[in-house]
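Here the structure is laid out as structure tokens; the discussion comes afterwards.
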Amino acid sequence: MIVADQKPLNELKSLTRGGENVLVVGCGTCVTVCFAGGAREAAITASSLRMAFKLDGNSRQVSDVTVQRQCEWEYLDQIAEQVKEADVVLSLGCGVGVQAIAEHFPETWVVPGLNTSFMGMPTEQGVWAERCAACGDCILGLTGGICPIARCSKSLLNGPCGGSEGGHCEVNPETPCAWQLIYDRLTGMGKLDVLMEIQPPKNWRAARDGGPRKIVREDLRLAKEEE
Amino acid sequence: MEHVRNILQQIGLEPERVEMVNLSSAMAGEFVAAATQMTERIKTMGKNPLRSDLLGDRHTESER
Ligand code: SF4
Ligand code: SF4
């Protein structure tokens, strides 16, 4: 899932300044399950803003609505009326959701209510950890299902580095060394020989280094006349 | 509870306005103590400034 974190209320106040009618838009997918921007958080954010504005002595309107997925036009169509009435939309979606609103409603001023952090998973109640950096050329098959791009602080392909100590990373001792994890897992499974295979250089053009990425599936596209 | 207090603080209200106490039905004394403590605390802090009937006063005061 995409994991995000809420921005402080003061920042939200400043981002929405100038708008008399603020619409907080939550998203029912990733940010709901990481407790950052679902229906519950949208309602709490809206009422926190109402209280804060009231204490500041102004009577700005704040309402909230949550869509199933902010990153798809179909779901955004459902809130078109509310968006039109708002002076500013405070999106509690990830960065994709914010941009989808901006793109779908060109006349609307939209601001982010979250800091989109990473792609990861909950490792225990209340703790989320990064797992994938969307490099576009997945090598988990060579590393025992542990990603050195996202989980090694230096994204090394030939780790561990000299700073790996007792299973911990030198960049942050609280981070397990990804290469130690890889080595331990492959050893345990009797597959250490995987690491001995000579690999061609990784294709970084499939990552962010090649500029913004796009996937086109011709088989799924609507035929020209149907569009 | 930490989260709620944090939200209250960010809004500009005293976080101490909310408190959670775990008690069983056999803890009458503790219940009375907690209720008394909370009542005293709220009395010291004053009424909720967000109540609209009080908000007017508050702003008139700050404008004076
Ligand atoms: S190798 Fe690339 S695609 Fe695979 S998990 Fe790591 S970052 Fe994600
Ligand atoms: S200690 Fe391990 S995780 Fe940290 S940078 Fe070195 S190889 Fe990567």
Side-chain angles (χ1 to χ4, degrees), chain A residues 3-17 19-20 22 24 26 31-64 66 90-92 111-115 117 122 124-128, chain B:
Chain A
V3 183
D5 208 11
Q6 286 197 326
K7 285 180 178 289
L9 196 67
N10 266 340
E11 189 175 344
L12 302 188
K13 279 166 71 180
S14 143
L15 280 167
T16 56
R17 73 183 169 270
E20 278 308 308
V22 180
V24 180
V31 292
T32 290
V33 283
C34 67
F35 300 93
R40 201 176 63 155
E41 289 75 26
I44 293 171
T45 302
S47 79
S48 300
L49 281 173
R50 275 192 296 271
M51 288 194 257
F53 289 155
K54 202 167 173 185
L55 282 178
D56 291 346
N58 63 45
S59 56
R60 297 160 62 186
Q61 299 292 310
V62 188
S63 51
D64 68 277
T66 296
L90 175 65
S91 162
L92 293 194
V111 296
L114 303 183
N115 291 320
S117 306
E124 59 180 274
Q125 182 86 20
V127 179
W128 290 265
Chain B
M1 197 41 58
E2 274 303 297
H3 185 58
V4 174
R5 288 180 151 208
N6 182 12
I7 293 175
L8 285 184
Q9 181 142 40
Q10 292 196 56
I11 292 169
L13 293 170
E14 300 87 343
E16 299 79 24
R17 283 185 184 274
V18 51
E19 181 77 68
M20 192 168 93
V21 190
N22 279 315
L23 298 162
S24 85
S25 53
M27 295 165 77
E30 287 85 344
F31 173 76
V32 172
T36 313
Q37 190 195 35
M38 197 65 194
T39 312
E40 288 306 317
R41 189 190 296 171
I42 295 293
K43 273 186 183 157
T44 324
M45 280 190 283
K47 289 180 181 169
N48 175 3
L50 279 167
R51 279 183 48 188
S52 48
D53 47 333
L54 300 162
L55 195 64
D57 300 351
R58 184 186 163 105
H59 282 116
T60 342
E61 264 169 40
S62 61
E63 278 157 23
R64 266 181 213 146

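Since the model is a prediction, treat every value here as computed from it, not as a measurement. Here is the naming used below: chain letters follow the sequence lines, and residue numbers restart at 1 for every chain.
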Do the non-hydrogen side-chain atoms of A:Lys13 and A:Asp56 ever get within less than 4.5 Å of each other? yes
Relative to chain B, which segment of A:Leu49 carries a heavy atom at a distance below 4.5 Å: side chain, backbone, both, or neither? neither
What is the distance from atom CG of A:Leu55 to atom CZ of A:Arg50, rounded to the nearest 0.5 Å? 13.5 Å
About how many Å separate CD of A:Gln6 and CZ of A:Phe35, when rounded to the nearest 0.5 Å? 12.0 Å
Which salt bridge (charged side-chain N to carboxylate O under 4.0 Å, His left out) pairs, counting each pair once, include a residue from residues 26-41 of chain B, with sequence neighbours left out? B:Glu19-B:Arg41
Strictly less than 4.5 Å between heavy atoms, which residues of residues 3-11 of chain B line up against chain A? Please order them by number. B:Ile7, B:Gln10, B:Ile11
Applying salt bridge (Lys or Arg N to Asp or Glu O under 4.0 Å), can you list everything that pairs with A:Glu20, at least two apart in sequence or on another chain? none
For A:Arg40, what residues pass the salt bridge (Lys or Arg N to Asp or Glu O under 4.0 Å) criterion, not counting sequence neighbours? none
